[in-house]
Amino acid sequence: MREQDIKQIVAKVLEELKDQVGSLEKSRTNQASYCYGDVDDAVEMAVKAQKIWQWEYSLEEKKRIIDGLKKFLLDYVEELAVLAVEDTDMGRVDDKIAKNKLAIEKTPGPEFFTTKATSGDNGLVLEELSPFGVIASITPSTNPTASVINNTICMISGGNAVVFAPHPSAVKCSLRSCELINQYLTSQGVPTGLVSSLSIATLENAQKLMTHKDVRLISATGGPGVVKAALSSGKPAIGAGPGNPPVIVDETAHLEKTAKDVIAGCSFDNNLPCIAEKELIVVNCVADQLKRYMLENGAFELKGGDVEKLKKLVLTEDGKPNKSYVGKDAVRILADIGIKVPESIRVILVEAEEKDPLVQEEMLMPVLPMVRVSDFEEGLMMALRVEHGFRHSAAIHSTNIDNMSRMARAMETTIFTKNAPSFASIGFGGDCPTAFTIATTTGQGPTTPLSFCRVRRCLLHGAFRIV
Ligand code: NAD
């Protein structure tokens, strides 16, 4: 077949797809075009929009549109942050603004792709990254808007379409994020359906989306339940699961800076990030000094009977986190046990033993248990136990290179931070791209556009080696 004929056929197919997208949109006047009550409708639109996005938009156009989308979204970081806090009743507006900005400014786009080429006596081989097609993205309540922004940029940069299944307690802010993304994309002529969301957030709908025959990849960000469901779907899946990140402070750490870093990381968005410091393990000989610095920099220590009151509040009877206190301000948690503190208090510090549920559980609230150990080695063994093998995140404050290396190797975590708040490792004050889907369970690590693509090889035999 002549090249001319092939071009004509491709153009005709794309025209037909555009007409079909148009008529589908018209037939569904009862729902906004960025959200769908019905899983089949959402996927049908996504399939069509993805083909047009993949084939009709050049790499340059995709890059221009994604750069424009980033600029456009910057005007809405505050609105989305306020909405996310109202919607979920968790987190801090200022920190959510920072997370939204981070997702916009440091999520890599199409520029991240390179082609791998090898050549030899037999000619040339290219390996390129190609879209999966339609991705089902299940997002958490803890970073709802930043996850939608981060996933959208990564997924469409790779030429994919995405249908989001929002968390039931984060529907409004997730839908608003999708609406804004669509407002910009449609202003650039991008077909409706490339980025959309289910409007009815139920587990049944999320399951239906994940197992839809035209969904080619699942991205599941959340607790163990959703990761298990994604991995049981029989489809390729990116599983970004829970963690319980320990931070060790040894006797060589710069204690004042360490105290500030630990408070900053642990209290960021009220400890909602999965990477945030969740238990502090300190070598005994520096524990008192570290604690003094922490108390001067935003921590409030509870002791004796007050600790028991706190535990009654933030733990259920079976020692699990009480959902009503997840992501709440330290000031509010303290007020509920009758202690009034200034607004500058961001973390509640409690001395604890390893077996304490505050240490063992992923609390997702600004309550930081501190455990004393006699030396680094004892601390490392404890850190390994309390991380529970999630291999998610861990941190150390130290100037002893041997200790830092030993812990980095032993923990085998997806993210390991040395001498900084944990959020530096997702680009907030660290020189790396950001990711709000950190694929711990399935191993892709902090996701980029490459994580949502598949590798394809193309070989030309006997030519195009130039030396
Ligand atoms: P969650 O597990 O309650 O919900 C996450 C999403 O999964 C929601 O959209 C929910 O509706 C859906 N879901 C849950 N069970 C499901 C099932 N069986 N089938 C289909 N869908 C299901 O999590 P959350 O409370 O919103 O978020 C906090 C958890 O997520 C923490 O454990 C945190 O560590 C983890 N998290 C991990 C990452 C990461 O990148 N690794 C990022 C953010 C949050």
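As the structure lists them, so they are numbered: ligands from 1, and atoms in each ligand from 1. Keep in mind that this is a model prediction, so the values were computed, not measured.
- Here the protein heavy atom with the shortest distance to atom 5 (C) of ligand 1 is Thr221 O, 3.6 Å.
- Closest to atom 19 (N) of ligand 1 among all protein heavy atoms lies Gln207 NE2, 3.3 Å.
- Atom 35 (C) of ligand 1 has its closest protein heavy atom at Gly222 O, 3.4 Å.
- If you check which protein heavy atom lies closest to atom 38 (C) of ligand 1, you get Cys274 SG, 3.2 Å.
- Here Lys228 has no heavy atoms under 4.0 Å from ligand 1, in either its backbone or its side chain.
- With a 4.0 Å heavy-atom cut-off, ligand 1 is reached by the backbone of Ile438 and by its side chain too.
- The protein atom (non-hydrogen) at minimum distance from atom 22 (C) of ligand 1 is Leu203 CD2, 3.2 Å.
- In this pair, Phe390 and His388 present their aromatic rings perpendicular. The plane angle is above 60°, beyond the 30 to 60° band.
- Within the 3.5 Å criterion, the main-chain N or O of Lys172 finds a donor-acceptor partner in the side chain of Asp87.
- The protein heavy-atom contact nearest to atom 2 (O) of ligand 1 is Gly223 N, 2.8 Å.
- Contact annotation: for Val326 versus ligand 1, there are no heavy atoms closer than 4.0 Å.
- Using a 4.0 Å cut-off between heavy atoms, Ala206 contacts ligand 1 through its side chain alone, with no backbone atom that close.
- Evaluated for a side chain to side chain contact (heavy atoms under 4.5 Å, CB included) with Ser451, the options Leu217, Ile238, Leu129 yield exactly one hit, Ile238.
- Under 4.0 angstrom from ligand 1, there are no non-hydrogen atoms of Ser147.
- Protein heavy atom at the shortest distance from atom 4 (O) of ligand 1 is His167 CD2, 3.3 Å.
- To the nearest 0.5 angstrom, Gln54 atom CD is 8.0 Å from Asn160 atom CG.
- The backbone and the side chain of Pro140 each have at least one atom closer than 4.0 Å to an atom of ligand 1 (non-hydrogen atoms only).
- Relative ring orientation between Phe423 and Phe428 is described as perpendicular, the plane-to-plane angle rising above 60° on a 0-90° scale split at 30° and 60°.
- Using a 4.0 Å cut-off between heavy atoms, Pro273 makes no contact with ligand 1 at all.
- Electrostatic pairing of Lys48 and Glu44 counts as a salt bridge here, judged by a charged N lying under 4.0 Å from a carboxylate O.
- Counting only heavy atoms of the protein, atom 11 (O) of ligand 1 lies nearest to Pro168 CD, 3.2 Å.
- Expressed to the nearest 0.5 Å, how far CG of Leu295 lies from CD1 of Ile263 amounts to 8.0 Å.
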